[in-house]
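Accompanying notes for the structure given below.
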There are 4 protein chains.
Amino acid sequence: MIISIDVSNGLAIYDQIVRQIKFAVASGIILPGELVPSVREMAKQTAVNPNTVSRAYRELQSEGILEVVRGTGLQVSTGALKQCRKDRQGLIQERLRAVLKEAQQSQLEVDDIRQLIEAELARLNGKGTSK
Amino acid sequence: MIISIDVSNGLAIYDQIVRQIKFAVASGIILPGELVPSVREMAKQTAVNPNTVSRAYRELQSEGILEVVRGTGLQVSTGALKQCRKDRQGLIQERLRAVLKEAQQSQLEVDDIRQLIEAELARLNGKGTSK
Amino acid sequence: MIISIDVSNGLAIYDQIVRQIKFAVASGIILPGELVPSVREMAKQTAVNPNTVSRAYRELQSEGILEVVRGTGLQVSTGALKQCRKDRQGLIQERLRAVLKEAQQSQLEVDDIRQLIEAELARLNGKGTSK
Amino acid sequence: MIISIDVSNGLAIYDQIVRQIKFAVASGIILPGELVPSVREMAKQTAVNPNTVSRAYRELQSEGILEVVRGTGLQVSTGALKQCRKDRQGLIQERLRAVLKEAQQSQLEVDDIRQLIEAELARLNGKGTSK
DNA sequence: GTGGTCTAGACCACC
DNA sequence: GTGGTCTAGACCACG
């Protein structure tokens, strides 16, 4: 699992770690039962303050994504995969709703919105297949 | 023009003012050449410190949305309407692209995405017409 | 004499009036002994608050450019032409010095500066003659 | 980097800070990637309120000269050097053009202007070498 | 420790 | 009356 940090993108570093681990879990890159890198290890890898990694892990524990294995480290918990997928789905849905709502408030017709979306989907697919 | 502030939504107060004024300009609620409420007036209206309003107005000046008329107040500048509309459009497009991209990365099929979108659009329209 | 005011250029209105009258005197557009328009007249002409015109005239009186003719109005004083010319000269010289100094502080070589100047002079002359 | 404030020169304090930092960047006194003094540090150094320093830094951020490194400070951004140099050059050119234009409007012959300039350049150089 | 935001209250120039 | 600037002091999130 590779975590890459961008210090100057406005997002808190701990939050970048949280999101990327959730993403890794949702995508099956790291499976329930597997250990995440230790705080020190991750801190070295990402050149980040251990406090910050620790905070990210704490956050993930409180959300039930990670759980302590005494004397061993932190592992991805059993329900984490399903939860991360659902989170992801929910988050996407929420953001989709927000942007659609705003689009409508801006005098955009429903058909204009659909057109915009199809254009963007085509763009993404074009990029994806050509790669 | 009515500006409503929500102190506990995470967004900075000055930013809420900035956005709502841009929205008002983009929507034609306030036209180029018209004066925005004075700093003190707006501060009273929104129960916010005048400095905070001033900061929002300064931000809008530096973006070319507002301009000072010495001793008289701040007026919406000539190019503001077009600029705010374009900003708004660009912002929506960008956010749409981001969420669609993320949706695709989450193993959602294009048709699933379309279905989600239609559901959300229906929700919005239902809300709109029933109200 | 035509005075034109630009409310949104940052310069105080009264100052714009002061400068334009000095310019008119220096250029011989208005001669010593001639009356300037009355406060009310000028205020109407320029669509400016009479207080503001009054302030400009006061400024010009205190600099000795204008003088009261009791019951008649304000006239350009005898020494005004020479003084305005000198002022103008001095002001230009001062600004020239300031900009040259700054240019030198910015690692510009003397010859680069000369080149820049010649380019600008050519531009101005080109414009002037072609007009 | 030394920032010196003159409270009684008409220029706003925050603007003096902005200009001097731009100057320092343009001159290579402070390089892209380096941190500027912290808000509190700079405030102590210049005997100015931290808010005022903060405002100057905010201004520089919005112009893309500085960028935040969360919890660490503000660093000179990558493109800042080039940008500051260009700004500086453009500003000088603009002011040069303005003063030359005004000089010509004042019945000064081109050769008189050249003479004035050479005199000023000599003055500056004399000062520079004698120092 | 860092910057970001906000409030409160003051003074200024300009109209 | 208008905006612009500054100070003082407080609280927050982040590292």
Side-chain angles (χ1 to χ4, degrees), chain A residues 5 7-8 10-17 43 46-56 59, chain B residues 5 7-8 10-17 35-43 46-61 66-75, chain C residues 5 7-8 10-17 43 46-56 59, chain D residues 5 7-8 10-17 35-43 46-61 66-75:
Chain A
I5 299 300
V7 292
S8 58
L11 241 76
I13 292 176
Y14 85 93
D15 204 23
Q16 295 183 44
I17 298 175
T46 53
V48 149
N49 190 304
N51 274 328
T52 306
V53 177
S54 182
R55 166 146 188 204
E59 194 88 17
Chain B
I5 298 300
V7 291
S8 60
L11 244 80
I13 293 176
Y14 82 91
D15 205 22
Q16 296 183 43
I17 298 175
L35 294 174
V36 293
S38 78
V39 169
R40 291 161 177 87
E41 164 76 20
M42 174 69 82
T46 53
V48 150
N49 189 290
N51 271 324
T52 304
V53 177
S54 184
R55 171 158 181 196
Y57 282 4
R58 205 187 314 138
E59 200 87 17
L60 288 162
Q61 272 180 76
L66 296 183
E67 53 191 20
V68 281
V69 186
R70 299 276 287 244
T72 304
L74 289 159
Q75 70 180 9
Chain C
I5 299 301
V7 291
S8 57
L11 242 75
I13 292 176
Y14 83 93
D15 203 23
Q16 295 183 43
I17 298 174
T46 52
V48 149
N49 191 304
N51 274 328
T52 306
V53 176
S54 182
R55 168 149 186 201
E59 196 88 17
Chain D
I5 299 300
V7 292
S8 59
L11 244 81
I13 293 176
Y14 82 91
D15 205 21
Q16 296 182 44
I17 298 174
L35 294 174
V36 292
S38 77
V39 170
R40 290 161 178 87
E41 165 76 19
M42 176 69 83
T46 53
V48 150
N49 188 291
N51 272 324
T52 305
V53 177
S54 184
R55 171 159 180 197
Y57 282 4
R58 205 188 313 139
E59 200 87 18
L60 288 162
Q61 274 180 76
L66 297 183
E67 52 191 21
V68 280
V69 186
R70 297 277 286 244
T72 303
L74 289 159
Q75 70 180 10

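Sequence lines set the chain letters: A, B, ... in the order given, protein chains first and strands last, and positions in each chain run from 1. Reckoned from all heavy atoms, side chains included, excluding hydrogens, waters and symmetry mates.
At whole-Å resolution of the value, CD1 in A/I17 and C1' in F/dC14 are 12 Å apart. Residue D/N49 contributes atom CG, which lies 16 Å from atom P of E/dC11 at whole-angstrom precision. Atom-to-atom, CG of B/L74 to C1' of F/dG1 comes out at 14 Å; the value is rounded to the nearest Å. The CG atom of B/L66 sits 14 Å away from the C1' atom of F/dT2 (whole-angstrom rounding). The CG-C1' distance, from D/L35 to F/dG15, rounds to 13 Å in whole Å. Atom CD of A/E59 is separated from atom P of F/dG15 by 12 Å (rounded to the nearest Å). Regarding A/I13, its CD1 atom lies at a distance of 11 Å from the P atom of F/dC14, rounded to whole Å. Regarding D/R58, its CZ atom lies at a distance of 11 Å from the C1' atom of E/dG3, rounded to whole Å.
Listed pair D/T72 / F/dG15 fails the phosphate criterion, with no side-chain N or O lying under 4.0 Å from OP1 or OP2. In terms of phosphate contacts, D/Y14 brings a side-chain nitrogen or oxygen within less than 4.0 Å of OP1 or OP2 of F/dT5. Contact check, D/R55 against F/dT5: a side-chain N or O comes under 4.0 Å of OP1 or OP2. In terms of phosphate contacts, B/Q61 brings a side-chain nitrogen or oxygen within less than 4.0 Å of OP1 or OP2 of F/dG4. In this structure, D/S54 does not reach the E/dG3 phosphate: none of its side-chain N or O atoms is under 4.0 Å from OP1 or OP2.
Between the side chain of D/Q75 and the backbone N or O of D/L66 there is no donor-acceptor pair closer than 3.5 Å. Remark: side-chain polar atoms of B/E59 are not paired, donor with acceptor, to backbone N or O of B/D15 under 3.5 angstrom. At least one donor-acceptor pair closer than 3.5 Å links the side chain of B/T46 to the backbone N or O of B/M42.
Each of B/V69 and D/D15 lies near DNA chain F, and the nucleotide nearest B/V69 is the one positioned closer to the 5' end. Sequence order on DNA chain E of the closest nucleotides to B/R70 and B/L11 puts B/L11 first from the 5' end. With the nearest nucleotide of DNA chain F identified for both D/G71 and D/T52, D/T52 has the one nearer the 5' end.
Using a 4.5 Å heavy-atom cutoff, the side chains of D/Y57 and D/P37 are in contact.
A donor-acceptor contact under 3.5 Å links the side chain of D/N51 to the base of E/dC6. Between the base of E/dG1 and the side chain of D/R40 there is no donor-acceptor pair shorter than 3.5 Å.
Distance from the side chain of B/S38 is smallest for F/dG3 among the nucleotides E/dG3, F/dG3, E/dC15. Closest contact between the side chain of B/V39 and the listed nucleotides E/dC15, F/dT7, F/dG3 involves F/dG3. Nearest to the side chain of A/A12, among E/dT5, F/dC14, F/dT5, sits F/dC14.
In summary, the side chains of B/Q61 and B/E67 do not present any donor paired with an acceptor at a separation below 3.5 Å, with no hydrogens or angles considered.
For F/dG1, the paired base is E/dC14 (Watson-Crick or G-U wobble, both distances below 3.5 Å).
Atoms CZ and CZ, on D/R55 and B/R58 in that order, are 3.5 Å from each other to the nearest 0.5 Å.
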